[in-house]
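Have a look at the structure below, then the notes.
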Amino acid sequence: MAASSRTVSIPWLGFFFALCGLIWCGWIAFPTEHHAPCLTSGCALFRDGKVGGISLWWLGGACFFALALLCLRGKRRSAYALAVLALFLDALLLLVMFFTAPCMDCLIAAAFFGFTCFALRPVQEGWFGAEPGRLLLLPIWFGLFLGNIAAAGNEALPHWALANAGNTSVRLYFAPSCTHCRTALLAFGQSAALYPVAEADGDTEAIIKLEGLLLQKVPMAEALERCRNPQEPMPAIGPVDRAILSMRLLRNKAAVLKQGFQALPLIEINGMPSLPAPAAARGTPAARPETPPEPAVPGAEGPISPRARGEQPAPSTGANATIPHADPNLPLELDNLGQCGRNGAPPCD
């Protein structure tokens with residue numbers, strides 16, 4: 001009697017995508033010095049994400065391992081059921097990323113989940129012959145996936161810096177027509193990354209001239225005056241380059257508005273700039289500044305403090321410290337940062 005043999009059908013395409021997902025999750029779970037930096041902020045947010053104390057990448061790797069094992073054993077229906085469950089859970093993660101920040105590493109793993117599920121689908125039925133729940137899952141997952149891809153692409157495109165693009169500690173968003181912006185440019189323009197914004201008519205032309213003048217090593221004060229001078233020759237720029245410049249300026253303005261700011265200049269400082277050490281720390285006694293006595297108010301027995309008169313007290317010692325690399329003739333009062341239009345300060349443009 002001949003023994004009957006049972007042939008095992010292995011879904012090789014599903015096994016391939018599951019194996020790729022397993023390798024990817026393992027590579028992210030065990031970071032090395034060869035890892036390329038992620039282009040989106042969501043990577044730092046989700047790389048250390050855990051569920052029940054277990055890393056998301058360990059959970060994803062275990063799921064891909066189970067999918068690959070089921071494929072090798074010919075358990076296509078079981079592998080497909082697990083892939084649908086994984087796709088549902090991945091859709092929940094995509095929804096969280098959509099409202100927080102997209103993670104490019106997570107999107108690559110999500111793509112492997114989608115490819116694996118698609119490769120394991122029942123061929124004779126197809127997606128449109130499957131159960132309604134599974135039929136609805138695909139467009140929901142695909143829509144969330146495309147939404148996160150678009151958000152990641154938008155975040156990966158850097159904003160345009162006119163000068164000093166390598167400075168990631170201090171960023172200055174400015175418009176040439178803004179008076180306070182020109183003051184900020186004199187203070188920070190030597191080292192801060194400069195992000196121009198077109199706020200008024202003529203700003204685009206002034207930005208084009210300013211870029212050319214800075215490339216010619218013209219001092220900032222002179223460049224600011226010449227870029228707004230109608231007699232200053234306009235550098236040649238084609239229609240395509242002008243359209244690209246308009247898009248860059250629009251993205252820079254959108255970056256300001258997304259942060260909830262309506263006025264310029266916007267100065268972003270990452271970390272606290274190092275300030276000069278107090279005199280006491282250097283081993284020398286600090287000299288107490290001589291302050292004139294408060295003038296007496298008629299009808300009062302003695303002088304009234306500024307706070308009692310409704311005025312703001314004078315800044316304490318060290319408040320007028322200058323920022324490194326700034327113009328020494330333009331001291332910045334740290335106590336007044338962010339006080340535009342408040343407490344008697346001049347309003348922002």
Side-chain angles (χ1 to χ4, degrees), residues 4-30 38-40 42-43 46-47 49-52 54-154 156:
S4 60
S5 60
R6 180 172 175 269
T7 304
V8 177
S9 177
I10 299 177
W12 290 108
L13 187 59
F15 170 76
F16 171 75
F17 287 129
L19 183 62
C20 290
L22 175 61
I23 295 174
W24 177 254
C25 288
W27 191 64
I28 300 298
F30 297 98
C38 188
L39 299 178
T40 58
C43 292
F46 290 100
R47 268 185 177 174
K50 296 181 180 180
V51 175
I54 304 176
S55 171
L56 289 174
W57 298 104
W58 281 94
L59 294 174
C63 185
F64 280 120
F65 177 78
L67 286 171
L69 187 61
L70 289 173
C71 290
L72 282 179
R73 299 191 61 181
K75 305 291 186 180
R76 187 188 188 101
R77 295 188 61 180
S78 300
Y80 177 60
L82 179 59
V84 170
L85 176 61
L87 203 67
F88 171 75
L89 296 176
D90 188 64
L92 296 180
L93 179 59
L94 290 175
L95 183 63
V96 173
M97 286 195 297
F98 186 79
F99 287 102
T100 53
C103 169
M104 190 66 72
D105 294 342
C106 303
L107 291 176
I108 294 176
F112 286 131
F113 276 125
F115 291 149
T116 304
C117 189
F118 183 79
L120 294 174
R121 76 196 190 283
V123 179
Q124 68 274 17
E125 297 178 4
W127 283 108
F128 293 98
E131 294 83 349
R134 296 181 182 179
L135 177 64
L136 186 61
L137 175 61
L138 176 64
I140 292 177
W141 176 88
F142 192 64
L144 290 171
F145 181 78
L146 287 183
N148 279 277
I149 286 290
N154 180 52

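Any value given below was found using the heavy atoms of this structure, including those in side chains, with hydrogens, waters and symmetry copies removed.
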Review point. Excluding sequence neighbours, so at least two apart, what forms side-chain contact (heavy atoms from CB on, under 4.5 Å) with Leu146?
Key: Phe142
Exercise for review: Just jot down the side-chain hydrogen bond (donor to acceptor under 3.5 Å, both in side chains) partners of Trp24, sequence neighbours excluded, or say none.
Suggested key: none
Check your understanding: How about Trp58 and Phe30: are their ring centroids closer than 6.0 Å?
Key -> yes
Review point. What pairs meet the salt bridge (Lys or Arg N to Asp or Glu O under 4.0 Å) rule with one or both residues in residues 11-25, with sequence neighbours excluded?
Key: none
Check your understanding: side-chain contact (heavy atoms from CB on, under 4.5 Å) with Ala111: which residues, sequence neighbours excluded?
Key -> Phe115, Phe145
Practice item. Could you note down all residue pairs passing salt bridge (Lys or Arg N to Asp or Glu O under 4.0 Å) where residues 136-145 supplies at least one of them, sequence neighbours left out? Key: none
Exercise for review: Verify, without hydrogens or angle tests, whether Arg73 (side chain) and Leu70 (backbone) share a donor-acceptor contact under 3.5 angstrom.
Suggested key: no
Revision key, fill the gap. Sequence neighbours excluded, the answer for side-chain hydrogen bond (donor to acceptor under 3.5 Å, both in side chains) partners of Asn148 is none
Exercise for review: To the nearest 0.5 Å, tell me how far Leu138 CG sits from Arg121 CZ.
Suggested key: 10.0 Å
Study note, to complete from the structure: In this structure, CG of Leu92 is separated from CD1 of Ile140 (nearest 0.5 Å) by 10.0 Å
Exercise for review: Enumerate the residue pairs fulfilling side-chain hydrogen bond (donor to acceptor under 3.5 Å, both in side chains) with a member in residues 81-103, sequence neighbours excluded, ordered by first and then second residue.
Suggested key: Asp90-Trp141
Exercise for review: For residues Leu144 and Ala91, report the shortest heavy-atom separation together with the two atoms involved.
Suggested key: CD1-O, 3.3 Å
**Study point:** Spacing of NZ belonging to Lys50 relative to CG belonging to Leu56, to within rounding of 0.5 Å
**Key:** 10.0 Å
Give every donor-acceptor pair under 3.5 Å between a side-chain atom in residues 101-108 and any protein atom, sequence neighbours left out.
| unit_1 | atom_1 | unit_2 | atom_2 | d |
| --- | --- | --- | --- | --- |
| Asp105 | OD2 | Arg47 | NE | 2.8 |
| Asp105 | OD2 | Arg47 | NH2 | 2.8 |

Exercise for review: Evaluate the side-chain proximity of Cys63 to Leu85: yes if any heavy-atom separation is below 4.5 Å, no if none is.
Suggested key: no
Check your understanding: Restricting to pairs with a member in residues 83-114, which pass ring-ring contact (aromatic ring centres under 6.0 Å, His included), not counting sequence neighbours?
Key -> Phe64-Phe113
Side-chain donor-acceptor pairs under 3.5 Å in residues 10-19, sequence neighbours left out?
none

Point to revise | Under the disulfide bond (SG atoms under 2.5 Å apart) test, residues paired with Cys43 that sit two or more places apart | key: Cys38
Check your understanding: Which value, rounded to the nearest 0.5 Å, describes the distance between Thr116 atom OG1 and Leu67 atom CG?
Key -> 6.0 Å
Point to revise | Contact summary for Leu22 and Gly61, nearest pair of heavy atoms | key: CD1-O, 3.3 Å
Exercise for review: Quick one: pull up SG in Cys25 and CG in Leu59 and give me the separation to the nearest 0.5 Å.
Suggested key: 9.5 Å
